[in-house]
Amino acid sequence: MQPNSPSAEQILNQVRQLYELYPFPPQPVGTVPPPGWNWRWSWPQAHAFCTGSHPGRRKVRILDAGCGSGVGTEYIAHQNPNAEIWAFDLSSRALEIAEARCRASQAPPVQFRQLNVYDIDQLPGQFDFINCVGVLHHLPDPLAGLQALAGKLAPGGLLHLFVYG
Ligand SMILES: C[S@@+](CC[C@H](N)C(=O)[O-])C[C@H]1O[C@@H](n2cnc3c(N)ncnc32)[C@H](O)[C@@H]1O
C-alpha cells in the first residue's frame with residue numbers, strides 16, 4: 001500500500017457514506033411488478049444458459065449481494081416466486097428503499113440484512129444462485145470479496161457477477 005493511501009476501513013466507510021447519501025439506483029418505487037423479464041435473474045433460465053439443462057427444482061436459495069435500492073432484488077423476487085430470497089447491503093438507506101420497493105409491488109418475501117460482504121458468513125447456509133452487480137469494485141480487496149461470495153455458493157450453484165470497467 002502507498003504511504004498515503006486510505007486504509008481498508010476508510011474505504012468501506014467512504015463507500016457506505018456515499019450510498020447512505022445517494023442510494024443506488026435512484027429509480028422511484030413503483031406499485032406494480034417491474035416491466036418485462038430479465039433472464040439473468042431467472043433461476044431456471046440462467047441455469048439453462050450456463051449448463052444447457054433445466055435445473056429440475058425451483059425451491060432454491062437466492063442471494064442478492066449488495067442489493068442497493070433493490071431494483072434487481074425486486075426482479076429476482078418476482079421472477080423466482082418459489083425461491084427463498086435473501087438480500088444485503090452496506091447502506092441502511094438503500095435497504096430501506098429496497099424493502100419499500102419490494103413491499104409496494106407485492107413481491108414474494110425477501111430477507112433483507114445490513115451486512116458487509118466480507119461478513120457474509122453471518123448469513124445461514126449456502127445459496128444456489130448469487131447475484132452481485134456493481135459491488136466488488138468498491139471493495140478494498142475485491143478478490144477477498146469474490147472469495148467470500150464463492151464460499152457461500154452451494155455445489156453446482158451459479159454466481160452472476162458484474163463489475164464496472
Ligand atoms: C452501484 S450499487 C449497485 C446496487 C445494485 N446491486 C444494483 O445493481 O442496482 C453498489 C452497492 O454496493 C453496496 N456495497 C458496496 N460495498 C459493499 C460491501 N462491502 N458490502 C455490502 N455492500 C456493499 C453499496 O452500498 C451499494 O448499494
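The basis for the numbers below is simple: all heavy atoms, side chains too, and nothing from hydrogens, waters or symmetry mates. Start at 1 and go down the list; that is how both ligands and their atoms are numbered.
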Point to revise | Main-chain N/O of Gln27 paired to Arg101 side chain as donor or acceptor, under 3.5 Å | key: yes
Review point. What atoms of ligand 1 come within less than 4.0 Å of a heavy atom belonging to Leu12?
Key: 19 (N)
Review point. Do ligand 1 and Leu90 have nitrogen or oxygen atoms that lie under 3.5 Å from each other?
Key: yes
Exercise for review: Would you give the length of the straight line joining atom CG of Asp119 to atom CG of Leu90, rounded to the nearest 0.5 angstrom?
Suggested key: 9.5 Å
Point to revise | Which residue and heavy atom of the protein sit nearest atom 2 (S) of ligand 1, plus the separation | key: Phe24 CD2, 3.6 Å
Exercise for review: Identify which one of His47, Lys59, Arg57 satisfies the side chain to side chain donor-acceptor pair (under 3.5 Å) criterion when paired with Asp128.
Suggested key: Arg57
**Study point:** Under-4.0 Å heavy-atom contact with ligand 1, by part of Asp64 that carries it
**Key:** neither
Review point. Can you find a non-hydrogen atom of Gly72 under 4.0 Å from ligand 1?
Key: no
Exercise for review: Find out if a path of hydrophobic residues (ILVMFWY) with successive side-chain heavy-atom gaps under 4.5 Å connects Val133 to Phe49.
Suggested key: no
Review point. Can you find an N or O of Gly66 that's nearer than 3.5 Å to an N or O of ligand 1?
Key: yes
Check your understanding: What residue and atom, counting heavy atoms only, is the protein's closest point to atom 10 (C) of ligand 1, and at what distance?
Key -> Gly134 O, 3.2 Å
Point to revise | Location of contacts on Pro23 toward ligand 1, heavy atoms closer than 4.0 Å | key: neither
Practice item. Do me a favour and list the nearest non-hydrogen protein atom to atom 9 (O) of ligand 1 with residue, atom name and distance? Key: Pro25 CD, 3.2 Å
Study note, to complete from the structure: Gly68 heavy atoms within 4.0 Å reach ligand 1 at atoms 4 (C), 27 (O)
Exercise for review: Look at atom CZ of Arg113 and say whether more than 12 heavy atoms of other residues, nucleotides or ligands are closer to it than 6.0 Å.
Suggested key: yes
Exercise for review: May I ask whether Val71 and Tyr19 are part of the same hydrophobic cluster, defined by side-chain heavy atoms of I, L, V, M, F, W, Y residues being less than 4.5 angstrom apart, directly or through others?
Suggested key: no
Practice item. Just say parallel, tilted or perpendicular for the rings of Phe129 and Trp43, cut-offs at 30° and 60°. Key: tilted
Exercise for review: Return a yes/no value for Ala65: is any of its N or O atoms, backbone included, closer than 3.5 angstrom to an N or O of ligand 1?
Suggested key: no
Exercise for review: Among Asp64, Ile62, Leu63, Asn131, find the residue that satisfies the side-chain contact (heavy atoms from CB on, under 4.5 Å) test when tested with Ile85.
Suggested key: Ile62
**Study point:** Backbone N/O of Ile130 and side chain of Lys152: donor-acceptor pair under 3.5 Å
**Key:** no
Practice item. Write out the residue and atom name of the closest protein heavy atom to atom 27 (O) of ligand 1, then the distance separating them to 0.1 Å. Key: Asp89 OD2, 2.8 Å
Review point. Taking heavy atoms and a distance under 4.0 Å, where does Val15 meet ligand 1: side chain, backbone, both or neither?
Key: side chain
Practice item. Could you establish whether Leu115 and ligand 1 come within less than 4.0 Å of each other, counting only heavy atoms on the residue side? Key: yes
Check your understanding: Do NZ/NE/NH1/NH2 and the carboxylate oxygens of Arg61 and Glu84 come within less than 4.0 Å?
Key -> yes
Check your understanding: What atoms of ligand 1 come closer than 4.0 angstrom to any heavy atom of Asn116?
Key -> 18 (C), 19 (N), 20 (N)
Check your understanding: Are more than 12 heavy atoms from other residues, nucleotides or ligands located less than 6.0 Å from atom CD of Gln106?
Key -> no
**Study point:** Asn80 side chain vs Ile76 backbone, donor-acceptor pair below 3.5 Å
**Key:** yes
Revision key, fill the gap. If you scan protein heavy atoms around atom 12 (O) of ligand 1, the nearest is Val135 CG2, 3.6 Å
**Study point:** Within-cut-off N or O pair, Val133 and ligand 1, under 3.5 Å
**Key:** yes
Revision key, fill the gap. of all protein heavy atoms, closest to atom 20 (N) of ligand 1 is Val117 N, 2.9 Å
Review point. At under 4.0 Å between heavy atoms, which part of Tyr164 makes contact with ligand 1: side chain, backbone, both or neither?
Key: side chain
